[in-house]
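A quick write-up on the structure given underneath.
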Protein chains: 2
Amino acid sequence: MATLPSLKGLQAFEAAARAGSFVAAAEELSISAAAVSQLIRTVEEQMGRKLFHRVNRRVVLTEAGVEMLPRLTMAFQEIGSVSREVSGGAFRPRLVVSVPPSMAMGWLSQRLSGFVASHGAVDISLRGDDDPVPFDRELIDIRLSYGPHYREHPTEDIVRDAVYPVCAPALSGAIKRDDLVGLPLIHTDWGPTGASFPSWRNWFEAAGIDPGRSARRGLSANSSRAALDLAISGLGVALAQGIYCAQALEDGRLVRPVLRTAELRQPYCLTIPERSARRDVVAAFRDWLIEECLRSVESPALRSHDSS
Amino acid sequence: MATLPSLKGLQAFEAAARAGSFVAAAEELSISAAAVSQLIRTVEEQMGRKLFHRVNRRVVLTEAGVEMLPRLTMAFQEIGSVSREVSGGAFRPRLVVSVPPSMAMGWLSQRLSGFVASHGAVDISLRGDDDPVPFDRELIDIRLSYGPHYREHPTEDIVRDAVYPVCAPALSGAIKRDDLVGLPLIHTDWGPTGASFPSWRNWFEAAGIDPGRSARRGLSANSSRAALDLAISGLGVALAQGIYCAQALEDGRLVRPVLRTAELRQPYCLTIPERSARRDVVAAFRDWLIEECLRSVESPALRSHDSS
DNA sequence: CAATCTAGATAAGTTCAACTTATCTTTGGA
DNA sequence: TCCAAAGATAAGTTGAACTTATCTAGATTG
């Protein structure tokens, strides 16, 4: 079918299928039952397929009808709700933000109130997703991801972060050697997103240190957040990412026992689909988010120790 | 606004907003530009809000218009694609299945081909989600979850699984004592879904054994699948769930060094929203899924050792 | 077992939303 | 400076959508 069937016809079908009766649908749409009957007949002709079985004086959905109903219901609900929101003066811009799960849980959710406070009425939906994210299906306005995926949308590099050994001040005081050999290490399982993140093994290699067996020893955590918490508890030395540990370094819960860093192989990237780019809220959020990223990564606590 | 604005008007708005021009929209809709202009004016009157700024001989979306566009685009695309699929004879029923992430990755994805083979033309979308899942927004047809959530939809208990100590045959042979004290244990971080799953601590308590320090010792894995792999590698004894380890027990990659089990506190539950229940595909998938669950949990490998 | 009720189909006529053509205004660009 | 092109508007036309009225045939009931 080159062109769509009649929208009103589809609407009548949707109401009738949902209600299970033409009369009920007619009432819902404030038209006569005869109109519903005709609309649906027209749609069936246009689509070349029966949507209802007429059994006696009942109607029962055909397989094709059953298949259409939920999708049409969702579509018409969306049309209805967006129309109602916009026409009833008090619509709030909706902003769908997607970031890697680890950021959604900690870093970003802590800072989000800052944006809301400065920007006012916005409905923000914060999603923690692994790549790839379905921009169109979920109407995502802005996606922060590790590395450039999404060549099909405008993407900009924001910042290239690094990982640092960090530990509790108490543990740091007890460190004699500065190559970390023999210390309890906290390993982070970065998950699928961070498959290419540096491990302790990489860090030792880059530093030219043979860690012996100690590169395998110690605790492991399945999130960067958990790894940081373990480090703060003094259980060992974690390889923490700048953006996540800047705060703890600043307020002294963590220190950097040695200064060597390992840069991440990929920058963090911001992807904003064309359709969202012109929205004011999106532009404002983009600026704010970049500012926050840079502030976190280039925090004085990290800078002052920078050892390149 | 009590009732929706004109659907054709919204459609015209959507096309014009997307194309950035009334003339282009008119061409797309195969009507005259004057018609587009009038339709949009009508919608604006019905909604009591301008959707376009008329600047010279250009049109620019207002904030309200920008807000509406993506959601309308998605809705009309959905209407178009469902209509096209159903009217163009070869529509395939679409089945959206949601299960806990651990099942989506392993157990279910391995078995799914069986259903497709027996049932024929179906488009299955398999999602790994944590509870709660958005039934309506994602049009989920069937959800398998641990424990009964979703009182608002018809839900049935399927099976109550249990966890068992399992290990590689080689390791089993080396075991002298049958209380597992002193053996390397593999701890599983069940994630948010399984917050109430039995841990080694629980298992020892239930068995009336004081594990001493050994309940904390050993490896940990952040998924049941990873824990099983570690156990198969002979690195320790894992507490594995029946449904996941039945296969490995049957083909001898794993054995049960001791027979005590710990029942899960909740049964696995199947939730099917009203709208999906009447679909043939859904009913068929439900039957198949229940069958597969029972077969896995009540596999001979588990049964023959059952120690209640 | 009529008598009645109700859901849906159909016919015929009506109406108004949607569409066309024609004309006007503005302006961006050659 | 003049034209081409985009949008607004007016006036008239068309047909999709709607109404009322009537028909059919299962359900329901006294």
Side-chain angles (χ1 to χ4, degrees), chain A residues 1-62 65 69 72 76 79-80 83 87, chain B residues 1-62 65 69 72 76 79-80 83 87:
Chain A
M1 138 172 290
T3 177
L4 288 187
S6 132
L7 287 173
K8 291 212 174 177
L10 290 173
Q11 191 184 27
F13 162 75
E14 191 274 335
R18 187 158 33 75
S21 139
F22 288 11
V23 171
E27 185 151 348
E28 177 180 323
L29 300 174
S30 309
I31 58 178
S32 65
V36 173
S37 174
Q38 290 174 39
L39 283 170
I40 290 176
R41 179 157 44 89
T42 305
V43 169
E44 288 178 325
E45 280 161 13
Q46 287 171 331
M47 308 211 4
R49 192 180 280 269
K50 283 251 167 286
L51 299 175
F52 285 104
H53 293 298
R54 274 71 168 184
V55 43
N56 298 339
R57 58 177 194 167
R58 290 274 149 78
V59 284
V60 178
L61 282 170
T62 62
L69 174 58
L72 287 183
F76 282 119
I79 291 174
S83 303
S87 63
Chain B
M1 139 172 286
T3 177
L4 289 187
S6 131
L7 287 172
K8 291 212 174 174
L10 290 173
Q11 191 184 25
F13 162 75
E14 191 274 337
R18 188 160 32 77
S21 139
F22 289 10
V23 171
E27 185 152 347
E28 176 180 324
L29 300 175
S30 309
I31 58 178
S32 66
V36 172
S37 174
Q38 290 175 39
L39 282 170
I40 291 175
R41 180 158 43 88
T42 304
V43 169
E44 289 178 325
E45 281 162 11
Q46 287 171 331
M47 307 209 8
R49 192 180 281 267
K50 283 251 167 288
L51 299 176
F52 285 105
H53 294 297
R54 274 71 167 183
V55 44
N56 299 336
R57 59 175 192 171
R58 290 276 149 77
V59 284
V60 178
L61 283 170
T62 61
L69 174 58
L72 287 183
F76 283 117
I79 291 173
S83 303
S87 63

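Throughout, protein chains are lettered first and strands after them, A, B, ... in sequence-line order, and every chain is numbered starting at 1.
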| Atom NZ of B:K8 to atom P of C:dC16: distance rounded to whole Å? | 17 Å
| said: Using side-chain heavy atoms (C-beta onward) and a distance below 4.5 Å, is A:L10 in contact with B:L7? | reply: no
| Residue list, side chain to side chain contact (heavy atoms under 4.5 Å, CB included) with B:S37, at least two apart or on another chain | B:F22
| said: Rounding to an integer number of Å, can you tell me how far B:K50 NZ sits from D:dG7 C1'? | reply: 13 Å
| task | Look at the side chain of B:N56 and decide which nucleotide, out of C:dA18, C:dG28, C:dT21, has an atom nearest to it. | result | C:dG28
| task | Look at all strands and tell whether B:V36 reaches a base, only sugar-phosphate, or nothing, counting heavy atoms closer than 4.0 Å. | result | nothing
| query | Would you call B:L4 and A:Q11 a side-chain contact if the rule is heavy atoms closer than 4.5 Å? | reply | yes
| query | Starting at CD1 of A:I40 and ending at C1' of C:dT10, how long is that distance when rounded to a whole Å? | reply | 15 Å
| field | Protein-nucleotide distance (B:R54, atom CZ; C:dT25, atom P), rounded to Å | value | 19 Å
| task | State, with a plain yes or no, whether a side-chain heavy atom of A:F52 is found less than 4.5 Å away from one of A:L61. | result | yes
| request: Please round to the nearest 0.5 Å and tell me the distance separating atom OG of A:S32 and atom CD of A:Q38. | output: 7.5 Å
| request: For B:A24 and for A:R58, locate the closest nucleotide of DNA chain D by heavy-atom distance; then report the residue assigned to the nucleotide nearer the 5' terminus. | output: B:A24
| field | B:R57: side chain to side chain contact (heavy atoms under 4.5 Å, CB included) partners, not counting sequence neighbours | value | none
| query | Does A:T42 have any side chain to side chain contact (heavy atoms under 4.5 Å, CB included) partners at least two apart in sequence or in another chain, and if so, which? | reply | A:Q46
Identify all pairs in which a protein N or O lies below 3.5 Å from an N or O of nucleotides 10-14 of chain D, and state each distance.
{"residue": "D:dA10", "atom": "N6", "partner": "B:Q38", "partner atom": "NE2", "Å": "3.4"}

| message | Could you tell me if the side chain of A:H53 sits less than 4.5 Å from the side chain of A:V59, heavy atoms only? | response | no
| request: Could you tell me whether B:A35 contacts a base, only the sugar-phosphate backbone, or nothing, with contacts defined as non-hydrogen atoms closer than 4.0 Å? | output: base
| Whole Å only: how far is the CD atom of A:E45 from the C1' atom of D:dA16? | 13 Å
| task | Classify the nucleic acid contact of A:S6 as base, sugar-phosphate or nothing, counting any heavy atom under 4.0 Å across all strands shown. | result | sugar-phosphate
| For atom CG of A:L39 and atom C1' of D:dA16, their distance in whole Å | 9 Å
| field | Side chain of B:S37 (C-beta onward), nearest among C:dG8, D:dT9, D:dA4 | value | D:dT9
| said: At a heavy-atom distance below 4.0 Å, what parts of residues 11-22 of chain B sit against DNA chain C? | reply: none
| Whole Å only: how far is the CZ atom of A:F52 from the C1' atom of C:dA7? | 13 Å
| Rounded distance (Å) that lies between atom P of D:dA16 and atom CZ of A:R41 | 13 Å
| message | Tell me every residue that passes side chain to side chain donor-acceptor pair (under 3.5 Å) with A:E28, counting only those two or more places apart in sequence or in another chain. | response | A:R18
